[in-house]
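For reference, the structure discussed in these notes is given below.
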Amino acid sequence: MNPALSALDALQEVDHAIARIEREFRALDSGAKEKDEYDRLRVAYDDAAQTLHAIERDRRDAELELSAVETKKQDHEKKLYSGSVRNPKELDAMQHEIEALGRQRSRLDGLILELMERGEEQSRVVSELHAEMEAARSAYEAKSQAYSAATRRLRTEMAKLQRMREERSAAVPPGPLKRYESIRAAKHGIGLARIEQGQCRACNTSLPKNTVLSVRDTDALLTCESCGRLLYLAPEGGEHPH
Ligand SMILES: [Zn+2]
């Protein structure tokens, strides 16, 4: 048998391992879904917190306005009952002003009450969203950490396999190596097929007896007529030669 074939078999073993690592890489979950959920909740939480802030600001404004209205009303009442104003027209105007201030005060009382209720409701919304956001953050962080750990592990394995691949391909003469690579590129990453029980293991086609014998007894590099892969006869017992 051509000695390049057992060297190619050893190389293909590494190529299978590399392909497996690549599949594992593709299957890794980076936590994109968890990140989207966390981002969504963070925006919702920020919006809700801003709304709460606006409600509280409006309430403080209304309280300041109420306090100003009350002061003004008390001043007018003091003046009205002090007897210092005697002109009936002036008294009438003052009475009206006091009434207007009274209406303003009840409007502000109502507004403040409403803003307090809305503030309480909004506080509940904010704390619920905060809890959901924190849960989403933990879920995302857990996924993300698992992803990083898996990525590190796979990179280490991959680096090891690539060094092994370099060594093993260096052991194959350039001609057979080139053939293996081009068949591999065309045939789903498998360039070499073992012969087992007179069959090509890659496509399960029965091989002509003289093909099997030529592989075994000569230096010829033969391919399977059915799948086009290089044929290799594993040593007796199917043991790996390495
Ligand atoms: Zn085949």
Side-chain angles (χ1 to χ4, degrees), residues 1-37 139-140 142-242:
M1 189 166 63
N2 192 312
L5 286 171
S6 60
L8 280 175
D9 187 58
L11 177 61
Q12 181 156 274
E13 188 189 37
V14 176
D15 283 337
H16 285 335
I18 288 173
R20 199 188 63 238
I21 299 291
E22 283 168 347
R23 279 195 301 277
E24 279 187 53
F25 253 121
R26 283 195 297 274
L28 287 182
D29 182 357
S30 67
K33 208 183 80 209
E34 285 76 6
K35 185 177 189 305
D36 284 351
E37 180 64 357
Y140 169 55
K143 267 282 166 74
S144 177
Q145 278 164 16
Y147 176 73
S148 301
T151 301
R152 274 196 302 277
R153 177 179 63 80
L154 292 177
R155 285 214 179 103
T156 307
E157 276 185 54
M158 187 60 110
K160 212 167 71 190
L161 288 170
Q162 267 156 357
R163 278 194 303 277
M164 207 186 270
R165 185 178 208 281
E166 276 170 33
E167 286 165 19
R168 292 194 184 182
S169 48
V172 186
L177 181 63
K178 215 174 150 191
R179 271 187 85 182
Y180 168 77
E181 295 289 15
S182 71
I183 296 169
R184 201 165 84 88
K187 303 278 176 186
H188 308 291
I190 301 169
L192 187 76
R194 284 180 170 220
I195 298 168
E196 277 173 24
Q197 283 146 9
Q199 286 189 343
C200 164
R201 284 309 299 152
C203 70
N204 295 326
T205 299
S206 290
L207 299 160
K209 184 94 184 149
N210 57 353
T211 302
V212 178
L213 292 176
S214 295
V215 172
R216 193 188 71 186
D217 300 334
T218 73
D219 271 354
L221 291 174
L222 298 178
T223 54
C224 168
E225 278 178 29
S226 176
C227 71
R229 295 186 173 95
L230 284 169
L231 291 168
Y232 164 66
L233 192 63
E236 288 300 315
E239 288 294 314
H240 268 246
H242 39 82

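Both ligands and their constituent atoms are indexed starting at 1 by order of listing.
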Ion pair Arg194/Glu13, N-O distance below 4.0 Å:
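Salt bridge flag = no for Glu13 with Arg194.
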
Start with the C-alpha gap between Glu181 and Arg184, add the side-chain angles, then the distance that decides, and say whether salt bridge (charged side-chain N to carboxylate O under 4.0 Å, His left out) holds.
CA-CA 5 Å; Glu181 295 289 15; Arg184 201 165 84 88; 3.2 Å; yes

pair Leu222-Leu207: side-chain heavy atoms closer than 4.5 Å
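Side-chain contact under 4.5 Å: no.
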
Heavy-atom closest contact (Val212 atom, Leu233 atom, distance):
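Nearest heavy atoms, Val212 then Leu233: CG1-CD1, 4.5 Å.
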
Could you report the tightest heavy-atom contact between Arg229 and Ile190, atom names first, then the distance?
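Heavy-atom minimum between the residues: NE-O, 2.7 Å.
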
Could you tell me which residues satisfy side chain to side chain contact (heavy atoms under 4.5 Å, CB included) with Arg20, sequence neighbours excluded, listed by chain and number?
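For Arg20 the side chain to side chain contact (heavy atoms under 4.5 Å, CB included) partners, ignoring immediate neighbours, are Ala17, Arg23, Glu24, Glu157.
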
Residue-atom pairs from the protein, N, O or S only, that lie under 2.8 Å from the Zn ion (ligand 1):
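Sorted hits: Cys200 SG, Cys203 SG, Cys224 SG, Cys227 SG.
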
